[in-house]
Each structure stands twice: as structure tokens, then as C-alpha cells.
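Comments concern the structure below.
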Amino acid sequence: MAEAAMSYPGPAGGMRSLRVLARLLDYPTEALQAAAPEMIAILDAERRWRPALRTALMDWCRRLRDANLLDLQVEYVALFDRGRNTSLLLFEHVHGESRARGQAMVDLLGEYRAAGFELDARELPDYLPLFLEYLSTRSEAEIGRWLGEIRHILARLTARLEEREADHALVPLALLGLIGAEGDVDAHRETVKQEAPDNTPEALDAVWEEEAVRFSAESDQDCALQSAEGRRLAERKRAAHSEAVRVLDPTARPQGDPS
């Protein structure tokens, strides 16, 4: 499989399907295309998803394998590097590029290090593929708690990627599927349809004009508020009962379910 962005403290294990989802959100490379057969095998073995979703993910892997690499890369840049609505940086969907986002990333990086992980790639801690690599080594109870914390972000991201008819929508949808929350997307689809495009030249120019750095009492207050919010997020995750939001039992879904 494509190279990971984290160094692991011990032998590889955990939920391998999460690592496949992480790779599907990476910038396309020859290594990703070459890994398609391995990814398909791992996805096929993941029985927590309904059959139609699992099949859609495997079909996407086949399209990635067979597509022109340059075309894939151009599509990826257009989808993820222009505008914020489809950003793969989790906290950007909550706080944009404001300084308020900083402490939340520090707290998340602390989670990684407390678990014995170190980043070996130049990515921010809230980069979704990186976060999924971390989750892939955690217990099912912890995976369920974390996915429960970000389910609103995943649902909105799914709706936005669906609106752009991007296969990548399958990844956040699959994450919601692991905790039985695919239906969360329904609440966002109509709202997303009304959103103004943020990837046009005019929209991108407007963002550059608005992003002047502020050093003020207000910005300092934002940082203090985010620091408190980051602590509350960590406290909620630790305090949440393991059964409140959990990964589905793969044996509980009928294998012949056509949905």
C-alpha cells in the first residue's frame, strides 16, 4: 500500500480498512495505483459496510488503477486545493484559517504523541488521511468515540463532495457507515446545494483579500476560547461511554443485504 505519513510505535494492526480510506484521499501517485489490488482485497473483507457501499469503494479503486495518472492529479488539485468547502483539514471546517484553530491542532498532536506516534510527513495534525492512519491503530471503542466527535464534519464534507460528483465522497460516507450514521448526510444536502461556489477565481481572490493577519485583543481571545474548546473536546472523548457511539459489529449486518 502507499507509504504512511506516521511512524508507528509497534507492529502494524488495527482496522486496515481505515488505512485504505486514508490512501484514497491522498494525492494520486503510481504507488497508489499499484496498491489498488491490495486495497480492493481489504475493502472486500470489511463487512461493517452495506454491500452497495463496499462495492462502490472497490469500483472506485479499479477506476483509480485504470485511469490516466495526470488526469487524476489534475482532478485532485481542482477538488481539494481550491477553496475550503472540501478541505481535508478537519478543523478548517470549524474555524477556517483563523488563529483559533491552533490550539485544537496542538491538542490533537498531543493525542498522537501520547499514543507513541510521531509525524514523519509535513502535514497538519488535522489532515484527514493522517487522522485515519492514527485511528486505524486504535481500539474500536476509541474509533467510535472519535468518529462520533467529527460526524457533523464528515456529513457536511460528504454532501459537498457529492454535490461535485466526486468519488471521494465515498470516504466520509464510509466513515459514517462504520458508526451507523450515513443518514446524517441527509440534513446537509439541501443546505450545500444553496452554498455559493468557493473554488471560482473570484471566490479565491476574495479569500486572499480577507486573510490579513490580525494581532489584536480579539484574536488573542479567540485563541483562549479555542484552547478551552480543545480541552473540552478531549474531555468529552475521554468521558464518553464506549457504547454511546461505536463501530458496527460486522456480524450484525445480513450478508445478503442488497442495500
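What's counted below: heavy atoms across the whole structure, side chains too, no hydrogens, waters or symmetry copies. We're numbering straight along the sequence, starting at 1. Remember, it's a predicted structure, so these values are computed and weren't measured experimentally.
- Annotation: the span from Leu89 atom CG to Ile153 atom CD1 amounts to 11.0 Å, rounded to 0.5 Å.
- Between Leu32 atom CG and Gln73 atom CD the span is 10.0 Å, to the nearest 0.5 Å.
- Salt bridge annotation for Asp167-Arg164: absent, with no cationic side-chain nitrogen under 4.0 angstrom from a carboxylate oxygen.
- Within the 4.5 Å cutoff, side-chain heavy atoms of Arg151 are placed close to those of Leu176.
- Cluster annotation: Tyr134 and Val106 are assigned to distinct hydrophobic clusters (Ile/Leu/Val/Met/Phe/Trp/Tyr, side-chain heavy-atom contacts under 4.5 Å, transitive).
- Minimum interatomic distance between Leu248 and Gly177 (heavy atoms only, all atoms of both residues): CD1-O, 3.3 Å.
- The CZ atom of Arg145 sits 10.0 Å away from atom CD of Glu149, with the distance rounded to the nearest 0.5 Å.
- Taking every heavy atom of both residues into account, Cys61 and Leu24 meet most closely at SG-CD2, 3.9 Å.
- Once rounded to the nearest 0.5 Å, the distance linking CD of Glu165 with CG of Leu79 reads 12.0 Å.
- Salt bridge Glu38/Arg16: present, at least one basic N to carboxylate O contact under 4.0 Å.
- In this structure a side-chain-to-backbone donor-acceptor pair under 3.5 Å is missing from Ser136 to Leu18.
- Annotation for Leu109 and Pro125: closest pair CB-CG, 4.1 Å, computed over non-hydrogen atoms.
- By the 30° and 60° cut-offs, the orientation of the rings of Phe131 relative to Tyr112 is tilted.
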side-chain contact (heavy atoms from CB on, under 4.5 Å) assessment of Ile42 paired with Arg19: CA-CA 10 Å; Ile42 294 171; Arg19 296 182 195 172; over 6 Å; no

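- Side-chain contact between Leu135 and Met15 is absent, with no heavy atoms from C-beta onward closer than 4.5 Å.
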Check against side-chain contact (heavy atoms from CB on, under 4.5 Å), Arg62 and Arg65: CA-CA 5 Å; Arg62 295 183 183 99; Arg65 177 195 62 196; 3.9 Å; yes

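- Electrostatic pairing of Arg48 and Glu140 counts as a salt bridge here, judged by a charged N lying under 4.0 Å from a carboxylate O.
- Grouping the Ile, Leu, Val, Met, Phe, Trp and Tyr side chains by contacts below 4.5 angstrom, directly or via other members, places Leu64 apart from Val74.
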Test log, rule side-chain contact (heavy atoms from CB on, under 4.5 Å), inputs Glu162 and Val192: CA-CA 10 Å; Glu162 286 180 347; Val192 165; over 6 Å; no

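- A donor-acceptor contact shorter than 3.5 Å is absent between the side chain of Tyr76 and the backbone of Asp81.
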Leu178 and Trp49: CA distance, side-chain angles, deciding distance, side-chain contact (heavy atoms from CB on, under 4.5 Å) verdict: CA-CA 7 Å; Leu178 288 175; Trp49 293 315; 3.5 Å; yes

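- Residues Phe117 and Glu111 have side chains not in contact (no heavy-atom distance under 4.5 Å, counting atoms from C-beta outward).
- Side-chain contact check for Phe80 versus Leu161: some heavy-atom pair is nearer than 4.5 Å.
- From Leu21, atom CG reaches atom CG of Leu170 across 9.5 Å, with rounding to the nearest 0.5 Å.
- Using a distance-only test at 3.5 Å, with no hydrogens or angles considered, a donor-acceptor pair links the side chain of Arg47 to the main chain of Asp44.
- For the pair Arg156/Thr191, no side-chain contact is recorded, criterion being any heavy-atom separation below 4.5 Å from C-beta on.
- No side-chain heavy atom of Glu182 sits under 4.5 Å from any side-chain heavy atom of Ile179.
- Nearest heavy atoms, Leu25 versus Pro129: CB-CG, 3.7 Å.
- One finds no salt bridge joining Glu46 and Arg54 here, because no Lys/Arg side-chain nitrogen approaches an Asp/Glu carboxylate oxygen to under 4.0 Å.
- At least one side-chain heavy atom of Leu128 sits less than 4.5 Å from a side-chain heavy atom of Leu157.
- Contact annotation: the side chain of Ile150 never approaches that of Leu175 to less than 4.5 Å [non-hydrogen atoms, C-beta and beyond].
- The minimum heavy-atom distance linking Leu70 with Asn68 is given by the pair N-OD1, 3.0 Å.
- Using a distance-only test at 3.5 Å, with no hydrogens or angles considered, no donor-acceptor pair links the side chain of Asp184 to the main chain of Ala155.
- Atom OG1 in Thr86 sits 8.5 Å away from atom CZ in Arg160 (nearest 0.5 Å).
- For the residue pair Glu92 and Ser87, the shortest heavy atom distance occurs at OE1-OG, 3.0 Å.
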